[in-house]
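In what follows, a structure is listed as structure tokens, so that the remarks can point back to it.
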Amino acid sequence: MAQCEQCGRQLPPFSWRKICRWCVQHEAAQRGDDSVYQRVETAPWLRQQSSSMVVTQAIFGANVAVFLGMVLAIGSAMLSNPPGQALVDWGANFGPQTVGGQWWRLVTCLFLHAGLLHIAFNMWCLWDLGRLAESLYGHWTFAVLYLTCGLSASLGSIFWNPGVLSVGASGAIFGIAGALIASFYLGEFSLPRAALGGTLRSLLIFAGYNLFFGAVIARTDNAAHIGGLVMGLILGALIARVAPSKDDFLRRIVVLLIGVAIVGGGVMWLQRSQAYMVHAQNGVGLLSRGKTDEAIAELRKTVQQRPDFAAGHAALARAYISKHDYDSAAAEMRRAVALKPRDENAHYSLGLIYLEQKQPAKAQEVFTQLLKIDPNSAPGHAGLANALSEQRRDAEALEEYKKAAGIDADFPGVYYNIGLEEARLGLIGDAIASLVKQRQYGDDADNETLLADVYTNKGMPKEAADARQKAAELSGRK
């Protein structure tokens, strides 16, 4: 098919023209011929850039300000691996709480980040893509577009990962990338197509590259990326085809209202389809207040409405544990493990339940599976040691306790358990050293009682008496 000699666009079939109608209109516009109206988007890099970034700069500043506030409030942990509860407290998107009525989390999560690298990469992308998009669409259109894409990203995250915390501006940034891709592909610019090809390719590579690595890296919320990207593609295409000029104020309003309507419909759909999360949130709240029976009733509704919700089964298992109903707890935690086979917390909890049921062999299997998932899991090694100890396989248990201590010396009671196994194996001197070391991590009556017995066995009556007195004092405080 023939192409325009000036811009490279394809010409209509059987056309004898050498240039397309867009170039004809563009030449007329340059001559000042008002009789020819050219509906085109001015290339963003040809506009005056002095004030074109005001919204981008405001969003950038808000993200940085929130991050600095979290660093001051939380401390250095915010720089690499912030606590999940802290993110929730600051407004992270978490399905049970968001759908449970805290819809403002759909917006606040867009300004939170989980570490220095997270915010640095997102702000770099925002600065580059935001500058381009704001210059192309104008201030108010860009602001509404960014927020709408961000809301779509948050909804996508809840739909796909309802029990996972979601934070970050990346979903909204993907939306901006999607809008630019659609506009550059479908829009008509007063420039040859070849001049746009490099930027369009860069945008496609950006989206594809980050979606691919988002699928590879487990902690990346690709559902949010896709939710933002799809909304951006829709709005960008509509703007390019329906309202390419900033002067098309009413058309722009209609296009953006379509995006808002899609988001509103998504919220309404989530309220109905994800009602199980409301029951989950209520159940967790009741459990924290000690209302176990009411919590069980709510959590049962959760898993009845959404049988594949692993977090709901795990929460119900914890509620049964509070009632010492270990058979029911084990059944629910097994479902949680089956639904999320790589969930370390679920494996660990199931192993502890088996220990409470006096089934150390089953507990050993579960903890062994946990260590296949993460060989450096201190809870996994400690749990396996507990299971071996219950079977009086003391030498093996001692080795596992030592591995747990090597990974995390602060793991609760690890040196007490090392001392206990050493005492059972007749390693009295080593047992004393381990039990004395446990004192560094806090006073404990059981530790002092065992230490007194070991001192007695060693023929150290004064030290034994001191330890017994300390154990009595600690027991009296309880």
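Sequential numbering from 1 along the given sequence is applied to the chain's residues.
In terms of modelled atom types and a separation under 3.5 Å, the side chain of Arg251 and the main chain of Val242 share a donor-acceptor contact. Between the side chain of Asn93 and the backbone N or O of Ser154 there is at least one donor-acceptor pair closer than 3.5 Å. With Gln359 contributing its side chain and Tyr354 its backbone, the two residues share no donor-acceptor pair below 3.5 Å. With hydrogens and angles disregarded, no donor-acceptor distance shorter than 3.5 Å links the side chain of Ser157 to the backbone of Ala153. When atom types are taken as modelled, the side chain of Gln364 and the backbone of Ala387 share no donor-acceptor pair closer than 3.5 angstrom.
Atoms CG and CD1, from Leu316 and Ile321 in turn, are 10.0 Å apart once rounded to the nearest 0.5 Å. Rounding to the nearest 0.5 Å gives a distance of 7.5 Å between OG of Ser475 and CG of Asp446. With rounding to the nearest 0.5 Å, the separation of CD1 in Ile258 from OG1 in Thr148 is 11.5 Å. Here CH2 of Trp104 is found 7.5 Å from CD of Gln97. Values are rounded to the nearest 0.5 Å. Interatomic distance, CG of Leu286 versus NE2 of His279, reported as 12.0 Å (0.5 Å rounding). Note that NZ of Lys362 is 7.5 Å distant from CD of Gln357, once rounded to the nearest 0.5 Å.
With contacts defined as side-chain heavy-atom distances shorter than 4.5 Å, the pair Glu298/Gln281 does not qualify. Side-chain atoms of Pro379 and Phe411, non-hydrogen and from C-beta on, do get closer than 4.5 Å to each other. In this structure the side chain of Trp140 reaches within 4.5 angstrom of the side chain of Arg252, judged on heavy atoms. Using a 4.5 Å cut-off on side-chain heavy atoms (C-beta onward), Thr108 and Trp90 make no contact. You'll find the side chain of Ile262 stays beyond 4.5 Å of the side chain of Ser152, heavy atoms only. In this structure, the side chains of Asn122 and Asn63 stay at 4.5 Å or more apart for every pair of heavy atoms. Residues Ser434 and Glu422 have side chains in contact (heavy-atom distance under 4.5 Å, counting atoms from C-beta outward). Between Leu155 and Val267, the closest side-chain pair of non-hydrogen atoms falls below 4.5 Å.
Residues Met333 and Ala317 come closest through the heavy atom pair CE-CB, 3.5 Å. Residues Gly236 and Tyr137 share a closest heavy-atom pair of CA-OH, 4.2 Å. Ile176 approaches Ala133 most closely through the heavy-atom pair CG2-CB, 3.5 Å. Residues Ala77 and Pro83 come closest through the heavy atom pair CB-CD, 4.4 Å. Closest approach of Ala92 and Val167 over heavy atoms only: CB-CG1, 3.5 Å. Looking at every heavy atom in both residues, Arg131 comes nearest to Thr56 through N-OG1, 3.8 Å.
With ring centers used as reference points, His113 lies 6.0 Å or more from Phe67.
Atom CG of Leu117 is surrounded by 12 or fewer heavy atoms from other residues, nucleotides or ligands within 6.0 Å. Around the CH2 atom of Trp124, the shell of radius 6.0 Å holds no more than 12 heavy atoms that belong to other residues, nucleotides or ligands. With a 6.0 Å radius and a threshold of 12 heavy atoms from other residues, nucleotides or ligands, Trp160 has its CH2 atom at or below the threshold.
A tilted orientation is assigned to the rings of Tyr146 and Phe142, their planes being inclined by 30° to 60°. Classified by interplanar angle (parallel below 30°, tilted 30° to 60°, perpendicular above 60°), the ring pair Phe309/Tyr276 is perpendicular.
Looking only at atom types and distance, the side chain of Asp89 has a donor-acceptor partner in the side chain of Gln85 under 3.5 Å away.
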Test side-chain contact (heavy atoms from CB on, under 4.5 Å) applied to Leu398 and Ile418, step by step: CA-CA 6 Å; Leu398 177 58; Ile418 290 174; 3.8 Å; yes
Pair Leu435-Tyr416, side-chain contact (heavy atoms from CB on, under 4.5 Å): steps then yes or no: CA-CA 5 Å; Leu435 295 169; Tyr416 166 81; 4.0 Å; yes
Chi angles and distances behind the side-chain contact (heavy atoms from CB on, under 4.5 Å) call for Val263, Met231: CA-CA 9 Å; Val263 169; Met231 178 61 75; 4.0 Å; yes
Residue pair Tyr441, Asn447: steps toward the side-chain contact (heavy atoms from CB on, under 4.5 Å) verdict: CA-CA 11 Å; Tyr441 302 95; Asn447 189 70; over 6 Å; no
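For the side chain to side chain donor-acceptor pair (under 3.5 Å) with His313, the lone residue among Glu332, Lys340, Arg335, Arg306 that qualifies is Glu332.
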Could you pull out every donor-acceptor pair under 3.5 Å between side chains of residues 370-377 and any protein atom, sequence neighbours left out?
residue	atom	partner	partner atom	Å
Asp374	OD1	Asn376	N	3.0
Ser377	OG	Gly380	N	3.0

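In summary, Lys470 and Glu473 do not engage in a salt bridge, as defined by a charged side-chain N under 4.0 Å from a carboxylate O.
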